[in-house]
Amino acid sequence: MEYKEIEDRWQREWDEARLFESNVDSRPSYFVTAAFPYANAPQHIGHLRTFGTADVLARYKRMRGFNVLFPMGFHATGTPVLAFAKRIKSRDEDLVKELKLFSIPDEEIAKMTDPTYIANYFVKEIERGMHLAGFSIDWRRKFVSIDPFFSKMIEWQFGKLNDKGFLIRGKHAVGWCPNENNAVGMHDTKHDVEPEIEKEVAIRFRIKGEDSYLLCVTLRPETIHGVTNLFVNENAKYALCSMEGAKGKYYIAKESIPSLKYQFSIVASGEASGSELIGKSCANPITGAELPVLPGFFVNEGIGTGVVMSVPAHAPFDYAAVERLKAEGKADNIEPIIVLETGELEEGEIPALAYMRKAGAEPGSDEKLLEIATKLQYKAESHKGRMIADGLKGLTEPEAREKIKGMLLGSGDALEVYALANEGNVMCRCGTGVVVKVVDNQWFLNYGDAKWKETAKDALGNMNILPEKSRNAFESALEWINLRAVVRAQGLGTKFPFEKQYIIESLSDSTVYMAFYTISHIIREVDPERLTPAFFSFVFLGEGNAGDVAKETGIDFDKVRKSRESFEYWYNETSRHSGPDLIFNHLTMYIFNHAAIFERKRWPKQIVVNGSVLCEGEKMSKSLGNIIPLADAFAKYGVDPLRFVVIAGAELFSDSEFNDEAVNGVRERFEYLHNASRNADGLGMGELNRMDYWLYSKLNRKIDGITASMEKLELRDASTQLLYNTVLELKRYFAKGGNNSMVVKDYLSKVILMMQPIAPHVSEELWHMLGNNSFASAESWPSADKEMISEVIEEGEELVERAVLDAKQVMELMGRKGRGSAREIRIITAGAWKHDALGIISETKDIGKTVAGIRDKYPSISSDIVSKYAAVLMRKTNELRKGALGYEEEYEAFLDSSEYIAKLLGVKVRIEKEEDSDSQRASRASPMKPSIDVLS
RNA sequence: GCGGGGGUGGCAGAGCCUGGCCAAAUGCGACGGGCUUAGGACCCGCUUCCAUUAGUGGAUGCGAGAGUUCAAAUCUCUCCCCCCGCACCA
């Protein structure tokens, strides 16, 4: 079958038929949205998952009688597109290579120095890909998140959020490039490293006899009781400074000023060399103990403040430094002070030394070993440590840390400082080292607001989450989300209405945009300046009336009215589709923002979270070079096989595996159905026989099953039933002599309709092949005729199959025994009384009652035989199950299949009832387990 | 560390909520056989161990250990391991 041809044909037909252009009408509405694709890269097969799942649901709902809207827009807000343009400008080789992987022509790449050009280019590319994929998208509503008319809605949204008091301002630490003077995120660093910012604390130690302090940064303020001395770098220069927000003057390393000045304003008023500081002594702010200042071999003047508090009992570096000084006679009276215990060490053992030993380090070791020891110790102590120091006894380490921090901050003896927690330096793409900057007056959305949280929880509680097991993740995400910075200094996007120099951060501008799809096609031509808050408040909230709004804004009355109408029609039953990585930001914010702004009845109704796509077991990634461009994959494998594997190859939440084999497996089965459909007309006609009823039974059971799976979007299950089981059933049907054209066509056409959501092209093709002239996609979803589901028929089939297997085994055994080949087999079904006995015993589990019951009904059967048989059944008491087949039904099942069995085994077949059989083996027959007598 | 999801046969992956028909669906792979000039496709069989010359019986078994139960892959507890997220970044 030439897929390409079929796909092209159906794509064309659909375009002409405009099947998927949704309008307000009298049917119930259903609104499906999938996460915005980001317009800075072409699509690869991984993208097929989320959008494909959405498309499957859209198609399914359409067949269930809903008027379905499935629109698509594009995201271009934020810094990635800007960074992209910059990299092209600087002729970034990696990026160019990546683009070539997608066979983007050189002349296009050359033009990609303009962010808008990039966005437009990829919007077109992605749209083309989605078209190829057969997505049933209403493209009239397409927009890009940087379109001016869209920005107007975002302005309105932020106005609303501000009115509710959810927009607040405060301090905020960000990664910063001192050279370019702007914030750096992952997209702006070399190797795409996310700058990790860590909150630390700087503690001051008053210098004895002076009015100044040494300031040192530490991650472990809880060890303050264990400080024995301070370390400085004897070769470094220190500056005496005053710092914003802290009284007094502080010595800090000169080297540290350039990075710290982005957190505090620092004014230097004097300086001292490291060696000048050595010999001074300071006071511990908590204990008052006297702490000499000593040279520390490991002190890096560029890290923190270039001053380190020394806790030799709990820090291997400190211990090593003290020991080295002792060896030189420079630190004779310094002894480690133990402030916490883990219970792992021997009494009196010095913890730092113990962990050094574990790491194979000693005081003279190089820094790597000491580093390992430090990690071991930190891990053990923060996990299991209990404080023994005064005033902290019994606290865990984290508790003690908070307590000490609070005390020191409260008394002004400590400052909060931020540092990059990344291993090694983080470099901006421009080549400058990234520092931490504290931004004042950052705008936040306060997702921590208690009332707001309650509303959001309320919303979530009433939502449908698929798969249901991801609800837990949503619950914790709702709990966890707190402040979120919402503006940036640079990037594409909507200007922040309350401070126009800022741009609204790109995740925050895509939380309620789904509503925009309901009106984008109506207001596209309207001058954006007319799209005032009054307009959106009317359309989305019903505030005011169309006449006034039209007058006030100057927008055509009809457009205002239609917009409201469209929103009211569509924004009810909604389903939102996205990947699991968005649970903790976008999807949670989606819930919050809807709960904040919209009327209750417009809140989200359903979220669908799907897994990603693995390629030959590996995650697709640019660095692995195993990204398969969507268009290439379609050309190579065909759209529908790919849709089947990628969308329906795994349950929602787990990753689906993409590889050649899987695709081929699907293709082969498509071929089978294709052939079956083509040949269906040539089959026979006539009265329905056992196999026909069997096929109908299977079909109707299948319709029920698949429908249930589709409702929960359990697509893997649906696809297995649809494709794999269908092929198995048809093969069995034909193998057993099934040959009824009408039955096969009935069966196939329903299966084909159910395939429509997942494999639309193949479905249309086969639908027509069966003689239909309509669009499968416009047909109704089949419903099951429960009358046609027959346990008796299906179990009879199972029974026969099992008996055939048994017979084969026996025949083989006979062959091995050299008793010659079999000529005839007799299948002897269990006598009526055995069926009754099984019935009684499976209910009563009582041999006596069984024997009595049978004696009453069948006086001629010896009670001795009955009780022996009942005993045998009892031994299998756990397996006892009353089969669906009765005495006569079992016999008939075999009778109807005798020809088939004979042909299959190549022997004569006789079916007998136990009562009528003269075989010696007849008495072995049992319900669901006939006796088989092989005669040679 | 915190939060979320997991650990099933050579592999992938169902089953687990609602315990028993589960030596565990299905697909792939491996192996044996058929078909074929041959390969592919297709068809049949087989794929934990032991025993078994009539379709069978038994043991072990679903990350490890303990418990509940007549009965546990399934319920409870403890432990180990893997994946993902931890923010202003899309």
Side-chain angles (χ1 to χ4, degrees), chain A residues 35-36 38 40 75-81 83 172-175 183-189 192 194-197 378-379 382-383 397-398 439 442-445 447 467-477 479-488 491 505-508 510 580-586 588 611-612 614 617 619 649-651 653-657 659 661-662 664-666 668 671 716-717 720-721 724-725 728 731 735 802-819 876-881 883 904 921 924 928-934:
Chain A
F36 266 157
Y38 201 90
N40 74 340
H75 206 191
T77 330
T79 49
V81 174
H172 185 57
V174 294
V184 290
M186 194 173 80
H187 300 282
D188 310 306
T189 61
D192 284 346
E194 179 79 46
E196 288 171 46
I197 294 166
Y378 278 23
K379 194 174 173 192
S382 67
H383 197 43
E397 207 198 30
V439 182
Q442 168 65 287
W443 289 86
F444 295 96
L445 266 178
Y447 290 113
E468 179 60 29
K469 71 175 172 186
S470 59
R471 183 182 293 277
N472 290 340
F474 278 97
E475 279 167 0
S476 35
E479 213 50 73
W480 158 89
I481 194 170
N482 193 9
L483 293 179
R484 184 174 183 99
V486 291
V487 301
R488 291 201 60 144
E505 179 267 328
S506 53
L507 279 181
S508 300
S510 54
D581 46 331
L582 295 182
I583 293 178
F584 278 80
N585 46 55
H586 166 74
T588 295
S612 46
L614 301 181
K619 204 166 181 160
E651 276 321 332
F653 209 54
S654 41
D655 296 338
S656 69
E657 166 74 14
N659 55 48
E661 261 164 30
N664 286 336
V666 170
E668 276 157 22
E671 303 272 1
R716 161 131 184 149
D717 189 53
T720 308
Q721 294 186 59
Y724 296 90
N725 293 354
L728 288 177
K731 281 185 181 174
R802 267 202 307 271
V804 165
L805 278 180
D806 285 350
K808 268 191 195 172
Q809 280 185 39
V810 176
M811 284 164 68
E812 201 181 310
L813 274 171
M814 288 186 53
R816 261 196 266 143
K817 273 197 287 186
R819 282 210 220 147
K876 302 188 173 180
T877 179
N878 286 343
E879 295 161 31
L880 279 188
R881 185 179 58 119
L904 194 70
R921 309 193 72 86
R924 293 174 61 106
M928 296 307 282
K929 190 83 187 165
S931 174
I932 296 166
D933 197 359
V934 180

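Bear in mind the structure is a predicted one, so any value in this text is a computation, not a measurement. Below, chains carry the letters A, B, ... as their sequence lines are ordered, and counting in each starts from 1. Worth knowing before you read on, the calculation uses all heavy atoms, side chains too, and leaves out hydrogens, waters and symmetry mates.
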**Student:** Heavy atoms only, 4.0 Å cut-off, all strands: where does A/Pro467 land among base, sugar-phosphate and nothing?
**Tutor:**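 Counting heavy atoms under 4.0 Å across all strands, no contact is made by A/Pro467.
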
**Student:** For B/A41 and B/C31, measure between their P atoms and round to the nearest Å.
**Tutor:** 13 Å

**Student:** Determine: side-chain N/O of A/Arg488 to OP1/OP2 of B/A90, distance under 4.0 Å, yes or no.
**Tutor:** yes

**Student:** Looking at every strand, decide which applies to A/Asp717 at a 4.0 Å heavy-atom threshold: base, sugar-phosphate, or nothing.
**Tutor:** nothing

**Student:** Strictly below 4.0 Å: does A/Thr720 bring a side-chain N or O up to OP1 or OP2 of B/G27?
**Tutor:** no

**Student:** So what does A/Ser931 hit on the nucleic acid, given a heavy-atom distance under 4.0 Å: a base, only sugar-phosphate, or nothing?
**Tutor:**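 The residue A/Ser931 makes base contact.
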
**Student:** Output the rounded distance in Å from CD (A/Glu479) to P (B/G3).
**Tutor:** 12 Å

**Student:** I want to confirm an ordering. Mapping A/Ala477 and A/Val174 to their closest nucleotides on RNA chain B, which one lands closer to the 5' end?
**Tutor:** A/Ala477

**Student:** Now, which nucleotide makes the Watson-Crick or G-U wobble pair with B/G85, with each of the two distances under 3.5 Å?
**Tutor:**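 Answer to the pairing question: B/C2, which forms a Watson-Crick or G-U pair with B/G85.
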
**Student:** Under 3.5 Å for both donor-acceptor distances, Watson-Crick or wobble: does B/G45 have a partner, and if so which one?
**Tutor:**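 Across all strands, the one nucleotide that pairs with B/G45 is B/C31.
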
**Student:** Below 4.0 angstrom from OP1 or OP2 of B/A90, is there any side-chain N or O of A/Ser506?
**Tutor:**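 The answer is yes; a side-chain N or O of A/Ser506 sits under 4.0 Å from OP1 or OP2.
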
**Student:** What does B/A51 pair with, Watson-Crick or G-U, if both distances are under 3.5 Å?
**Tutor:**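 Base-paired to B/U56.
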
**Student:** May I ask you to verify if any side-chain N or O of A/Asn585 is less than 4.0 angstrom from the OP1 or OP2 atom of B/A90?
**Tutor:**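 Checking B/A90 against A/Asn585, no side-chain N or O comes under 4.0 Å of OP1 or OP2.
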
**Student:** I'd like the C1' distance from B/A73 over to B/G61, given in whole Å.
**Tutor:** 10 Å

**Student:** Which listed nucleotide (B/C43, B/U26, B/C86) is nearest to the side chain of A/Trp480?
**Tutor:**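 It is B/C86.
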
**Student:** Return no unless some side-chain N or O of A/Lys469 is found under 4.0 Å from OP1 or OP2 of B/G4.
**Tutor:** no

**Student:** Look at all strands and tell whether A/Ile583 reaches a base, only sugar-phosphate, or nothing, counting heavy atoms closer than 4.0 Å.
**Tutor:** nothing

**Student:** Find the partner of B/U26: check Watson-Crick (N1-N3 plus N6-O4 or O6-N4) and G-U wobble (N1-O2, O6-N3) distances, both under 3.5 Å, and reply none if neither fits.
**Tutor:**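 Paired with B/A12.
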
**Student:** Can A/Thr588 and A/Asn585 be said to form a side chain to side chain contact (heavy atoms under 4.5 Å, CB included), step by step?
**Tutor:** CA-CA 5 Å; A/Thr588 295; A/Asn585 46 55; over 6 Å; no

**Student:** Sort out the partner of B/C17 for me: Watson-Crick or G-U wobble, both distances under 3.5 Å, none otherwise.
**Tutor:** none

**Student:** Need to verify one output field. Residue with the more 5' nearest nucleotide on RNA chain B, A/Arg484 or A/Lys929?
**Tutor:** A/Lys929

**Student:** Across the strands shown, which category fits A/Ala473 at heavy-atom distances under 4.0 angstrom: base, sugar-phosphate, nothing?
**Tutor:**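 The residue A/Ala473 makes sugar-phosphate contact but no base contact.
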
**Student:** Sort out the partner of B/C79 for me: Watson-Crick or G-U wobble, both distances under 3.5 Å, none otherwise.
**Tutor:**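 Result: B/G63.
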
**Student:** Please state whether the base of B/G55 and the side chain of A/Arg924 form at least one donor-acceptor pair under 3.5 Å?
**Tutor:** yes

**Student:** Rounding to an integer number of angstrom, what distance separates B/G3 and B/U48 when you compare their P atoms?
**Tutor:**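 Straight-line distance between the two P atoms is 41 Å.
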
**Student:** Under 4.0 Å between any heavy atoms, over every strand shown, what does A/His586 touch: base, sugar-phosphate, or nothing? Just pick one.
**Tutor:**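 Nothing, no nucleic acid heavy atom in range.
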
**Student:** Give the rounded distance in Å between these two atoms: CG of A/Asn664 and P of B/A12.
**Tutor:** 20 Å

**Student:** Just wondering, do A/Asp933 and A/Arg924 contact through their side chains at under 4.5 Å, heavy atoms?
**Tutor:**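 No, their side chains stay 4.5 Å or more apart.
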
**Student:** Could you walk me through whether A/Asn664 and A/Glu668 pass the side chain to side chain donor-acceptor pair (under 3.5 Å) check?
**Tutor:** CA-CA 6 Å; A/Asn664 286 336; A/Glu668 276 157 22; 5.9 Å; no

**Student:** Looking for any heavy atom pair under 4.0 Å, which part of the strands does A/Asn725 touch: base, sugar-phosphate only, or nothing?
**Tutor:**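 Here A/Asn725 touches no strand at all.
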
